[in-house]
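First comes the structure, then the notes that go with it.
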Amino acid sequence: MDNCIFCKILKNEIPSSTVYEDDKFRAIMDIGPIAKGHVILLAKEHAANLLEADDELLAAALPAVKKVAKAVKKTLGCDGINVLQNNGEEAGQTVFHFHLHLIPRYADDNQEILWNPTSPSAEELAQIRELLS
Ligand code: AMP
Ligand code: ZN
């Protein structure tokens, strides 16, 4: 993909800070970290997002996330880690090349990941379940 910034990073056409690499993924430091040690795991194969990614690639994604998460936790001593993955502009995706965020969390980080629970009725939940099942 000629215009994809992550493809360019993966071809070393633009600089990045690599923290992990295997045959399917490369983890780099996020250029706009929301926490100390915010890393993004980039698929080496271009797919716009999870819905378009190859199943074999997806099967390898969580073991790679686990490896990087463990290294981040051990090295930085964070108290927790959010793993986030955005699909589509409305979901907050800004770079349309499949990647996952690993966001270390610290007891005193004052960081908020937006999450506003709603209170649908039992009927509404049942209707949606009906549509989805
Ligand atoms: P998303 O909003 O889920 O698509 O995430 C894209 C992420 O890529 C953002 O957190 C950006 O800060 C990050 N990003 C964009 N360009 C670069 C870059 N050149 N190097 C490292 N991270 C980048
Ligand atoms: Zn790409």
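Order of listing sets the numbers, starting from 1, for every ligand and every atom in it. Predicted, not measured: the structure shown is a model, and the values here were computed from it.
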For [Y], does its backbone N or O pair with a side-chain atom of [X] as donor and acceptor, under 3.5 Å?
X    : Y    : result
R26  : V19  : no
H97  : N49  : no
Q93  : G88  : yes
D30  : H38  : no
Q111 : R105 : no

Show every donor-acceptor pair shorter than 3.5 Å between a side-chain atom in residues 50-76 and any protein atom, with sequence neighbours excluded, or say none if there are none.
residue	atom	partner	partner atom	Å
D54	OD2	E56	N	3.1
D54	OD2	L57	N	3.4
T75	OG1	A71	O	2.7

_2.8 Å shell around the Zn ion (ligand 2), exclusive bound, protein N/O/S atoms_ =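 Considering protein N, O and S only, the Zn ion (ligand 2) has 4 within range.
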_Qualifying residue for side-chain contact (heavy atoms from CB on, under 4.5 Å) with H101, from I113, V39, N86_ =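 Only one option passes, and that is N86.
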*Report all protein residues having a heavy-atom distance below 4.0 Å to some atom of ligand 1; order the list by chain, then number.*
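Residue list for ligand 1: I5, F6, I9, I28, M29, D30, I31, G32, I40, N86, G92, Q93, T94, V95, H99, H101.
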*asked:* Could you measure the distance from the CG atom of L10 to the NE2 atom of H46? Nearest 0.5 Å is fine.
replied: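 If I round to the nearest 0.5 Å, the distance is 10.5 Å.
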*Tell me, please, which residues at least two apart from D22 pass side-chain hydrogen bond (donor to acceptor under 3.5 Å, both in side chains).*
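Y20.
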